[in-house]
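Starting from 1, each residue takes its place in the sequence as its number. Values in this document were obtained by computation on a predicted structure and should not be read as measured data. Side chains included, hydrogens not; waters and symmetry mates left out as well; all remaining heavy atoms used.
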Amino acid sequence: MRDLGGEPVLNLHYRFDADHWGSGYATEAASAVVEWALRQGPDAPLVAVMATNTPASARVAERVGLQLSDRQHDRDPVEHVIWEAPRAT
């Protein structure tokens, strides 16, 4: 769990060596985490915080069902965007 804007959130983080980019590993791993979090994980939002200059990471987030969020991230001087898993209503 991580604090984001005063709220506890689950932070989905993936990082692979460049030799393994494009192999689908990030999508496969992220998909399993999202499925677990939405089915049986803690009752907290699942987010992925990423730098704006990582379009491949954004594509992974989109593929596993995360949506671009309007949440703000202000802890780092690098500009970031936040992707968030939709919660069941």
Side-chain angles (χ1 to χ4, degrees):
M1 298 274 277
R2 160 189 191 156
D3 179 75
L4 186 64
E7 178 183 18
V9 298
L10 296 170
N11 185 35
L12 173 61
H13 180 87
Y14 38 91
R15 183 178 199 149
F16 290 87
D17 187 88
D19 291 344
H20 301 290
W21 291 355
S23 299
Y25 299 135
T27 300
E28 184 176 347
S31 181
V33 170
V34 170
E35 184 178 324
W36 169 83
L38 295 178
R39 285 192 179 178
Q40 62 193 38
D43 188 25
L46 174 68
V47 301
V49 179
M50 61 192 68
T52 57
N53 64 348
T54 56
S57 294
R59 285 192 299 276
V60 169
E62 192 170 30
R63 275 189 216 117
V64 301
L66 302 185
Q67 300 170 346
L68 197 54
S69 173
D70 59 357
R71 289 178 184 265
Q72 299 297 310
H73 181 278
D74 59 359
R75 290 188 177 177
D76 195 315
V78 176
E79 187 176 353
H80 285 77
V81 291
I82 299 173
W83 291 77
E84 186 168 358
R87 298 303 265 176
T89 55

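Considering every non-hydrogen atom in both T52 and H80, the closest pair reads CG2-C, 4.0 Å. Looking at every heavy atom in both residues, E84 comes nearest to V47 through CG-CG1, 4.0 Å. Of all the heavy atoms in A48 and L66, the pair that sits closest is CB-CD1, 3.8 Å. Heavy-atom minimum distance, M50 versus A58: SD-N, 3.5 Å. Taking each heavy atom of L10 and P42 in turn, the nearest pair found is CD1-CD, 3.9 Å. Across all their heavy atoms, A44 and P8 have their closest contact at CB-O, 3.8 Å.
Residue pairs meeting the salt bridge (Lys or Arg N to Asp or Glu O under 4.0 Å) criterion with at least one member in residues 40-57, sequence neighbours excluded, are D43-R87. Screening residues 23-36 for side chain to side chain donor-acceptor pair (under 3.5 Å) gives T27-R63, E35-R39 as the qualifying pairs, with residues at least two apart or on separate chains. Counting only residues at least two apart or on different chains, the side chain to side chain donor-acceptor pair (under 3.5 Å) pairs with a member in residues 6-15 are E7-R71.
Partners of D17 by side chain to side chain contact (heavy atoms under 4.5 Å, CB included), not counting sequence neighbours, listed by chain and number: D19, H20. Partners of Q67 under the side-chain hydrogen bond (donor to acceptor under 3.5 Å, both in side chains) rule, at least two apart in sequence or in another chain, do not exist in this structure. Take R59 and apply the side-chain hydrogen bond (donor to acceptor under 3.5 Å, both in side chains) test, not counting sequence neighbours, and it matches no residue. The side chain to side chain contact (heavy atoms under 4.5 Å, CB included) check on V33 picks up L12, with sequence neighbours excluded.
Proximity of L46 to V34: side-chain heavy atoms (C-beta onward) are separated by under 4.5 Å at one or more points.
Proximity of a side-chain donor or acceptor of W83 to a complementary backbone N or O of E62 within less than 3.5 Å is not detected.
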